[in-house]
J.: 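Sharing a structure below in structure tokens format, with a few things to ask.
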Amino acid sequence: MSVSRSFARVIARSANCGPAARWISNTPALRQSTVNVMDQLDMLTGSEFDKPADAATASAPTPEASAAPEAPQTVEDPNSYTEMELRERRERMAKYWKTLGATPESAYKPANDLNHPPTSKDVTLSLLLAAQAHLGHTPALWNPLTQPYIMGIRDGIHIISLDVTLAHLRRAAAVVEGVVRNEGIILVVGTRKGQKQTVVSTAGRMGGYHVFGRWVPGTITNPEQVLGGGKLRADVENKSDEIRDFAAKQPHPRFVRPDLVIVLNPLENAILLAETKRQNIPTVGIVDTDMDPTQVTYAIPANDDSLRSVQLIAGVLARAGEQGLKLKKQDELKAGRRQYQIEGGARQERLPGRR
């Protein structure tokens with residue numbers, strides 16, 4: 001009975017279409033078969049399209065009525081239906097089909113992780129799970145030093161414990177907030193394909209620097225030779241043109257040495273990690289199950305292959321940097337310093353009565 005009911009509904013639904021309905025109405029044989037199908041469908045489903053619940057309970061047969069002999073049912077002629085009646089039946093069926101199925105209310109938007117990242121306190125295990133931060137690599141690529149971060153194996157891949165990930169993420173966010181608050185310089189590095197927007201957005205929120213291209217070896221350990229040959233240019237009307245005697249009037253270029261380096265893909269930037277170790281610069285990096293976590297000062301065990309996971313972690317660190325900037329301004333106000341803009345640059349003024 002269920003198979004015939006579903007088959008009848010499919011035929012009736014196909015008859016509700018505009019061109020198909022006109023073609024069926026013009027064909028006598030198909031018109032008669034369609035009417036018969038609609039009659040059978042009404043008998044199977046009842047008249048619940050328009051009947052209220054009270055009418056359905058009121059029409060329930062009583063024991064006395066069920067004991068009485070049933071009256072013979074008369075079969076109506078399918079050709080007796082007018083075009084108006086067929087049209088009403090089709091509209092009633094279309095109204096019934098609209099009540100079936102589900103409507104998605106919310107959907108994931110990748111831009112939310114960049115434009116509205118959560119704070120370290122707002123991150124939950126469900127967010128990390130939805131971002132696929134728990135997925136590791138196959139046991140063949142496993143690094144034994146990541147054993148404290150692994151919960152088990154499922155479907156041939158390691159599963160990272162999200163409790164450990166959340167704890168390490170909040171610790172790294174506290175480090176970023178403290179560095180920015182104490183006027184430190186942060187460098188964000190992400191050289192994988194698709195990480196450019198994430199790197200630029202993260203560095204912009206915390207007021208740091210970013211590198212999304214290939215890391216040039218020696219940028220930290222030997223900047224005089226690597227970056228010394230670069231020419232100074234001035235941005236005039238959005239044009240990076242060289243100005244005459246501009247470099248001679250400027251002081252000797254000072255190479256910026258970062259106080260903290262955030263690496264989104266530390267596995268491909270082994271040279272960068274070696275340079276930071278040599279210069280005693282702390283690092284924050286996303287460590288997957290195929291990498292040595294001792295190469296990073298503050299390791300965040302998570303999936304570094306998922307762009308959504310990288311965006312979520314980078315967004316949390318960016319929010320921590322924003323909080324550090326706010327606390328930095330509050331500390332300056334408490335210390336009696338304020339900044340105001342004048343021609344030629346920013347100038348600090350000490351408030352009266354403060355030392």
Side-chain angles (χ1 to χ4, degrees), residues 110-134 149 160-190 192 195-212 256-266 269 272-273 276 280-288 293 295-304 306-334:
N112 290 340
D113 294 337
L114 292 177
N115 300 332
H116 308 285
T119 61
S120 59
K121 296 181 180 180
D122 296 335
V123 179
T124 58
L125 297 179
S126 59
L127 284 177
L128 295 173
L129 183 65
Q132 301 178 356
H134 62 290
Y149 310 144
I160 302 174
S161 177
L162 294 182
D163 293 330
V164 180
T165 302
L166 184 58
H168 284 69
L169 178 59
R170 289 176 175 173
R171 182 186 65 171
V175 171
V176 172
E177 179 181 337
V179 171
V180 176
R181 184 176 183 178
N182 292 277
E183 301 182 358
I185 299 174
I186 296 182
L187 175 63
V188 184
V189 180
R192 281 188 182 176
Q195 293 182 354
K196 177 179 177 180
Q197 186 178 2
T198 304
V199 171
V200 175
S201 176
T202 303
R205 286 181 178 274
M206 61 181 61
Y209 300 87
H210 62 269
V211 174
F212 52 80
V256 178
R257 182 176 179 271
D259 299 307
L260 179 67
V261 179
I262 301 175
V263 190
L264 302 183
N265 55 331
N269 294 287
L272 168 61
L273 297 179
T276 54
N280 295 326
I281 299 176
T283 55
V284 176
I286 303 176
V287 176
D288 212 332
Q295 300 295 324
V296 183
T297 308
Y298 302 98
I300 304 176
N303 183 11
D304 62 346
S306 173
L307 184 59
R308 182 174 178 180
S309 174
V310 173
Q311 288 180 350
L312 178 60
I313 295 175
V316 174
L317 299 179
R319 282 293 189 188
E322 284 185 342
Q323 183 65 21
L325 291 176
K326 294 180 181 179
L327 296 177
K328 175 184 174 182
K329 293 181 180 179
Q330 293 178 5
D331 295 342
E332 291 178 353
L333 292 176
K334 290 181 181 180

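Quick note: residue numbers are just sequence positions, from 1.
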J.: For a quick test of reading the model, state the closest non-hydrogen atom pair linking Val284 to Ala172 and the distance between them.
T.: CG1-CB, 3.8 Å
J.: Looking only at non-hydrogen atoms, find the nearest pair between Val180 and Gly324 and report the distance.
T.: CG1-C, 3.9 Å
J.: Are any side-chain N or O atoms of Thr202 and backbone N or O atoms of Thr198, one a donor and one an acceptor, separated by less than 3.5 Å?
T.: yes
J.: Only counting residues at least two apart or in another chain, list the ones meeting salt bridge (charged side-chain N to carboxylate O under 4.0 Å, His left out) with Arg192.
T.: Glu268, Asp304, Asp305
J.: Taking the side chain as every heavy atom from C-beta outward, state whether Ser120 and Arg170 have any atom pair closer than 4.5 Å.
T.: yes
J.: If every non-hydrogen atom of Ala302 is compared with every non-hydrogen atom of Ile313, which pair is closest and at what distance?
T.: CB-CD1, 3.6 Å
J.: Got a sec, which residues hit side chain to side chain donor-acceptor pair (under 3.5 Å) with Asn303, two or more places apart in sequence or on another chain?
T.: none
J.: Who passes side chain to side chain donor-acceptor pair (under 3.5 Å) against Thr124, sequence neighbours left out?
T.: Ser126
J.: Ignoring hydrogens, what is the shortest heavy-atom contact between Pro118 and Leu127? Give both atom names and the distance.
T.: CG-CD1, 4.5 Å
J.: Does Thr283 have any side chain to side chain contact (heavy atoms under 4.5 Å, CB included) partners at least two apart in sequence or in another chain, and if so, which?
T.: Val261, Leu273, Thr276, Val296, Thr297
J.: Calculate, to the nearest 0.5 Å, the distance between atoms CG and CG belonging to Asp288 and Asn265 respectively.
T.: 11.5 Å
J.: Do the non-hydrogen side-chain atoms of Arg308 and Leu312 ever get within less than 4.5 Å of each other?
T.: no
J.: How many angstroms lie between CG in Leu187 and CD1 in Ile281, if you round to the nearest 0.5 Å?
T.: 8.5 Å
J.: For Asp122, check side chain to side chain donor-acceptor pair (under 3.5 Å) against everything at least two apart and list the hits.
T.: Thr119
J.: With Asp259, which residues qualify under side chain to side chain contact (heavy atoms under 4.5 Å, CB included), at least two apart?
T.: Val179, Ile185
J.: Between Ala299 and Pro293, what is the shortest heavy-atom contact and its length?
T.: CB-O, 4.2 Å
J.: Quick one: does Pro117's side chain get under 4.5 Å of Val316's, heavy atoms only?
T.: no
J.: State which residues pass side chain to side chain donor-acceptor pair (under 3.5 Å) with Gln295; sequence neighbours excluded, sorted by chain then number.
T.: Lys277, Asp292
J.: Using distance only, find each side-chain donor-acceptor pair of residues 204-211 under 3.5 Å and give its atom names and separation, not counting sequence neighbours.
T.:
from   : atom 1 : to     : atom 2 : distance (Å)
Arg205 : NH1    : Glu322 : OE2    : 2.8
Arg205 : NH2    : Leu114 : O      : 3.1
Arg205 : NH2    : Asn115 : O      : 2.9

J.: Has the side chain of Arg319 got a donor or acceptor atom that lies under 3.5 Å from a matching backbone atom of Ala173?
T.: no
J.: With rounding to the nearest 0.5 angstrom, report the CD to CD1 distance, Gln132 to Ile160.
T.: 12.0 Å
J.: What distance separates Leu325 CG from Glu177 CD, expressed to the nearest 0.5 Å?
T.: 10.0 Å
J.: Partners of Leu129 by side chain to side chain contact (heavy atoms under 4.5 Å, CB included), sequence neighbours excluded?
T.: His134, Leu162
J.: Please enumerate all residues that pass side chain to side chain contact (heavy atoms under 4.5 Å, CB included) together with Lys328, with sequence neighbours excluded.
T.: Glu183, Glu332
J.: Once ring pair (Phe, Tyr, Trp, His ring centres under 6.0 Å) is applied, do any residues pair with Tyr149, and if so which ones, sequence neighbours excluded?
T.: His168
